[in-house]
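I have placed the structure first, in the form of structure tokens, so that the comments after it can refer back to it.
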4 protein chains.
Amino acid sequence: MGNQEEKKMSEKHRKILEAAIDTFAEKGYAATSTNEIAKKAGVAEGTIFRHYKTKKELLLSIVSPTVAKFVAPHFVKSFSKEVLEGEYDSYEEFLRKLAYNRYEFIKQNFPILKIFIQEVAFHEEFQKPYFNLFKDVILPNFTKVVVHFQDKGELKKLPPETIIRFTISTIAGTIFTQRFLDQKQDFNQELEEAISFLMDGLSPGQK
Amino acid sequence: MGNQEEKKMSEKHRKILEAAIDTFAEKGYAATSTNEIAKKAGVAEGTIFRHYKTKKELLLSIVSPTVAKFVAPHFVKSFSKEVLEGEYDSYEEFLRKLAYNRYEFIKQNFPILKIFIQEVAFHEEFQKPYFNLFKDVILPNFTKVVVHFQDKGELKKLPPETIIRFTISTIAGTIFTQRFLDQKQDFNQELEEAISFLMDGLSPGQK
Amino acid sequence: MGNQEEKKMSEKHRKILEAAIDTFAEKGYAATSTNEIAKKAGVAEGTIFRHYKTKKELLLSIVSPTVAKFVAPHFVKSFSKEVLEGEYDSYEEFLRKLAYNRYEFIKQNFPILKIFIQEVAFHEEFQKPYFNLFKDVILPNFTKVVVHFQDKGELKKLPPETIIRFTISTIAGTIFTQRFLDQKQDFNQELEEAISFLMDGLSPGQK
Amino acid sequence: MGNQEEKKMSEKHRKILEAAIDTFAEKGYAATSTNEIAKKAGVAEGTIFRHYKTKKELLLSIVSPTVAKFVAPHFVKSFSKEVLEGEYDSYEEFLRKLAYNRYEFIKQNFPILKIFIQEVAFHEEFQKPYFNLFKDVILPNFTKVVVHFQDKGELKKLPPETIIRFTISTIAGTIFTQRFLDQKQDFNQELEEAISFLMDGLSPGQK
DNA sequence: CATGAATGAGCATTCATTCAT
DNA sequence: TATGAATGAATGCTCATTCAT
């Protein structure tokens with residue numbers, strides 16, 4: 001969004017992209033016709049195919065870069081000890097940074113992420129690369145963080161994937177509720193409740 | 001599944017239903033053609049429209065009863081004090097029953113529930129009734145349970161919806177992980193970990 | 001034309017075939033649109049595709065059986081000596097039968113053969129099978145005939161393929177001229193001239 | 001080919017022409033897109049239309065001059081008696097010159113002539129002028145040659161068009177076979193066989 | 001209840017051609 | 001002269017739906 005590639009685009013090209021995002025998000029990829037996108041973008045239908053060979057290529061060009069960016073920032077840098085100790089004093093602080101950061105990104109790229117979530121089940125092109133990214137990059141790095149704080153005695157000695165699962169479930173549930181159900185609520189407060197729920201549930205002290 | 005309505009169905013009718021469920025789940029409603037369903041079911045295309053006026057009616061007839069059943073059993077009976085005290089000795093026991101029960105149901109009706117989750121965003125016919133069911137029946141009854149155990153001192157004095165959210169997030173996350181990622185894991189053990197995480201996170205004691 | 005397969009066809013199906021033959025012959029395969037065929041046949045465009053999966057399948061279904069029949073009758077039976085001596089007293093008589101027979105067939109199937117000749121250069125599906133049929137069936141059998149009459153002293157001792165080439169060129173040229181240039185001429189007379197030209201050119205006597 | 005007009009052409013213009021000839025010959029005019037020509041020529045699609053108002057004009061500009069040249073040289077000069085007696089001692093010598101000459105031309109301009117033969121049936125712009133050229137120039141001049149040698153007693157007293165037909169059929173058949181079937185054969189020898197076949201078939205002696 | 005031929009609107013995509021740069 | 005983005009009509013083909021049998 002608003003990144004370098006879009007700078008080089010012609011007005012019409014940008015309009016096509018916007019129209020496609022809107023319509024894919026609203027009605028789903030399969031139920032959106034190129035005719036509809038063209039009309040909404042104010043261009044001829046043929047123009048779409050000057051920029052994208054197929055409708056599917058249009059979908060990929062919308063979804064891929066944003067999802068890559070969504071997943072990347074916190075985890076692609078390798079989590080050396082310095083990074084861990086320098087950046088996060090506690091698992092609680094790590095959670096807080098993670099949650100706020102992802103929440104902002106979701107707020108700004110909501111339609112594209114919605115398209116991804118809707119379509120990922122139906123397009124193999126999506127499944128493999130992102131599943132691998134998760135398994136090979138995110139999960140190992142996330143695990144390092146968890147082990148680090150388990151070693152410091154801040155977290156229960158559960159399997160790291162289990163702790164990760166609880167963390168992601170709780171934060172995702174909080175963000176999801178905020179977006180879809182009670183958008184008027186104060187997100188900060190909800191998030192702090194989620195964090196203290198998580199810390200209570202994951203701390204070894206009370207066993 | 002195997003309920004009364006299906007008993008009355010002709011062989012061909014049942015085949016149509018099965019083919020539709022399979023294909024909708026695999027490729028999505030919009031990307032599935034009635035021709036494809038007919039072929040997979042071994043019937044003429046016209047036969048589908050003898051039983052369902054439109055393709056959408058076929059979708060609704062697949063999704064609606066199952067989703068209703070998914071949502072109903074635990075919550076449709078009004079949760080009077082007797083029910084509560086008779087059936088659940090603790091929030092932990094309630095959780096355990098809830099989780100196992102829902103897990104079994106999901107396992108048996110997975111394709112249909114997948115269709116619902118994929119399509120709910122695109123069909124208003126789905127959104128209102130189920131949103132209302134949730135708001136007017138499930139949430140109030142679930143709230144009664146939570147308040148009941150808050151009164152007994154088993155749960156933190158957070159807003160009940162917050163507790164409900166943590167509960168659902170954690171259990172849904174556990175079931176989801178089981179279904180999609182590590183299907184070989186022992187579900188019982190994972191669920192017990194989730195329950196004890198939840199109880200630790202939601203109990204007032206350790207503050 | 002008017003054969004068994006067509007008997008089973010619905011009225012609309014037959015109309016599609018007729019319209020396609022007419023239009024392919026008149027404008028060429030690539031320059032003919034399915035829309036045009038549908039209009040000429042008085043059916044909906046979709047109807048064409050109920051009967052033929054693609055436009056190309058329609059072309060093949062028109063051309064293949066007729067060309068097969070064109071090529072087959074004289075040459076598919078293996079030309080044993082009995083056949084040769086029983087059926088043809090002289091090369092001249094063989095020529096006469098061949099020419100009249102092919103001429104009748106061409107007259108009756110002219111548009112389809114025209115389509116074949118126009119399209120054979122562009123569709124590999126045509127080239128291989130018919131080239132092989134020619135090389136493996138027609139040429140060897142035709143060669144037997146020629147050698148037979150060379151042995152009887154009726155034909156020059158040229159390579160049989162050369163004699164075949166002169167024979168085909170002359171007869172094809174005669175038929176072609178008749179069809180395209182002077183259709184009012186008497187074909188019988190032209191053919192007899194061609195035969196006596198051929199016999200004069202191919203007989204060993206006058207060397 | 002390499003003539004005056006092409007001298008004045010820009011590099012790009014020449015590339016367009018070459019690409020168009022190749023592609024028209026390979027796939028046919030109607031099945032060739034201007035986009036494809038542009039890509040093969042390494043120019044922008046618009047550039048084609050700087051040089052030729054329409055795709056059809058491009059076709060005409062390719063085919064017309066070459067076909068005109070093919071047909072012209074032997075016959076456009078009016079065949080006065082002096083020409084006849086000066087240039088050709090016998091019908092046989094005339095045939096030999098005609099055949100070698102046309103064969104060389106065909107060899108050098110094969111793709112363009114192929115395009116012409118494929119397309120002549122579908123474009124009226126081709127049919128009339130070349131048919132007229134044949135009828136008004138070639139046929140009368142060719143007839144003069146035939147009559148000349150009939151008067152000298154070298155040829156049968158058949159109608160001249162019949163003799164012309166046998167001549168063209170045989171020579172065309174020889175060239176065609178050489179081009180399409182057995183390209184390894186020695187053309188000279190094949191041609192001499194054809195000529196002696198023609199002379200035997202057309203000489204009055206043996207009647 | 002079941003068929004399958006038929007429909008015509010709609011689909012993604014390609015086309016020859018235009019035109020501002 | 002050459003470009004390449006843009007067009008809108010046309011393309012081959014698919015769609016959900018209808019209906020006579």
Side-chain angles (χ1 to χ4, degrees), chain A residues 9-13 15-16 30-39 41-58, chain B residues 9-13 15-16 30-39 41-58, chain C residues 9-13 15-16 29-38 41-58, chain D residues 9-13 15-16 30-39 41-58:
Chain A
M9 282 180 191
S10 73
E11 182 62 20
K12 303 235 168 193
H13 191 164
K15 287 284 218 158
I16 288 169
T32 297
S33 76
T34 50
N35 172 13
E36 197 176 354
I37 294 170
K39 266 183 192 145
V43 305
E45 209 169 341
T47 306
I48 294 173
F49 293 91
R50 293 252 135 215
H51 295 288
Y52 305 94
K53 268 201 284 292
T54 63
K55 189 186 160 193
K56 189 149 200 175
E57 196 184 294
L58 173 57
Chain B
M9 283 180 190
S10 72
E11 180 62 18
K12 304 234 167 191
H13 192 165
K15 286 285 214 158
I16 289 169
T32 297
S33 74
T34 50
N35 171 14
E36 198 176 353
I37 295 171
K39 262 182 196 142
V43 304
E45 215 170 338
T47 307
I48 294 173
F49 293 90
R50 280 258 131 227
H51 294 285
Y52 306 94
K53 269 204 282 292
T54 64
K55 188 185 162 194
K56 190 150 200 176
E57 198 184 292
L58 172 57
Chain C
M9 284 179 188
S10 72
E11 182 61 20
K12 303 236 169 192
H13 191 165
K15 287 286 218 156
I16 288 169
Y29 170 76
T32 298
S33 76
T34 51
N35 173 11
E36 196 176 355
I37 295 171
V43 305
E45 207 170 342
T47 306
I48 294 173
F49 293 92
R50 293 251 135 218
H51 295 288
Y52 306 93
K53 269 202 283 290
T54 62
K55 188 186 161 194
K56 189 149 198 177
E57 197 184 293
L58 173 57
Chain D
M9 283 179 190
S10 72
E11 180 63 17
K12 304 232 167 195
H13 191 164
K15 287 285 217 160
I16 288 169
T32 297
S33 73
T34 50
N35 172 13
E36 198 176 353
I37 295 170
K39 261 182 197 144
V43 304
E45 216 171 337
T47 308
I48 294 173
F49 292 91
R50 256 286 109 245
H51 295 285
Y52 306 94
K53 267 205 284 292
T54 64
K55 188 185 160 194
K56 190 150 201 175
E57 197 183 293
L58 172 57

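- We find the OG1-OH distance between Thr34(D) and Tyr52(D) to be 14.0 Å, quoted to the nearest 0.5 Å.
- Across the protein-nucleic acid pair, Tyr52(C) atom OH and dA6(E) atom P stand 11 Å apart, rounded to whole Å.
- The interatomic distance linking Lys15(B) (NZ) with dA2(E) (P) rounds to 13 Å, in whole Å.
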task: Do nucleotides 14-21 of chain F as a string where each nucleotide becomes B, S or -: B if the base has a protein heavy atom under 4.0 Å, S if just the sugar-phosphate does, - if no protein is that close.
output: BSBBB-B-
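- With sequence neighbours left out, Glu45(A) forms a salt bridge (charged side-chain N to carboxylate O under 4.0 Å, His left out) with no residue at all.
- Residue whose closest nucleotide on DNA chain F sits further toward the 5' end, between Lys12(D) and Ala44(A): Lys12(D).
- When the P atom of dA9(F) is taken as reference, atom CD of Glu36(C) falls 19 Å away, rounded to whole Å.
- Proximity note for Val43(C) (side chain, C-beta onward) versus dT3(E), dT7(E), dA2(F): the nearest is dT7(E).
- Nucleotide dT1(F) holds its C1' atom 15 Å from the CE atom of Met9(D), rounded to whole Å.
- Of all heavy-atom pairs spanning Lys55(C) and Ala30(C), the tightest one is NZ-O, 3.9 Å.
- Rounding to the nearest 0.5 Å gives a distance of 6.5 Å between CD1 of Ile16(B) and NE2 of His13(B).
- Within 4.0 Å of His13(D), counting heavy atoms only, lies no atom of the nucleic acid at all.
- Taking atom CD1 of Ile48(C) as the reference point, atom C1' of dA9(E) lies 16 Å away to the nearest angstrom.
- Considering all non-hydrogen atoms of both residues, Lys12(B) and Gly42(B) come closest at NZ-O, 4.2 Å.
- Partners of Lys39(A) under the side-chain hydrogen bond (donor to acceptor under 3.5 Å, both in side chains) rule, at least two apart in sequence or in another chain, do not exist in this structure.
- Listed by chain and residue number, nothing satisfies the side-chain hydrogen bond (donor to acceptor under 3.5 Å, both in side chains) test with Thr47(C) (two or more places apart in sequence, or in another chain).
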- request: Starting at the 5' end of DNA chain E, write a dot or bracket for each base, bracketing those in Watson-Crick or G-U wobble pairs whose two distances are under 3.5 Å and using | for partners on another strand.
  value: .||||||||||||||||||||
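- For Ile16(C) and dA5(E), the CD1 to C1' distance is 10 Å, given to the nearest whole Å.
- Considering only heavy atoms from C-beta on, Phe49(A) stays 4.5 Å or farther from Glu57(A) through its side chain.
- Legend: residues meeting salt bridge (charged side-chain N to carboxylate O under 4.0 Å, His left out) with Glu36(D), ordered by chain and number and at least two apart, are Lys27(D).
- dC13(F) atom P lies 15 Å from atom NE2 of His51(C), rounded to whole Å.
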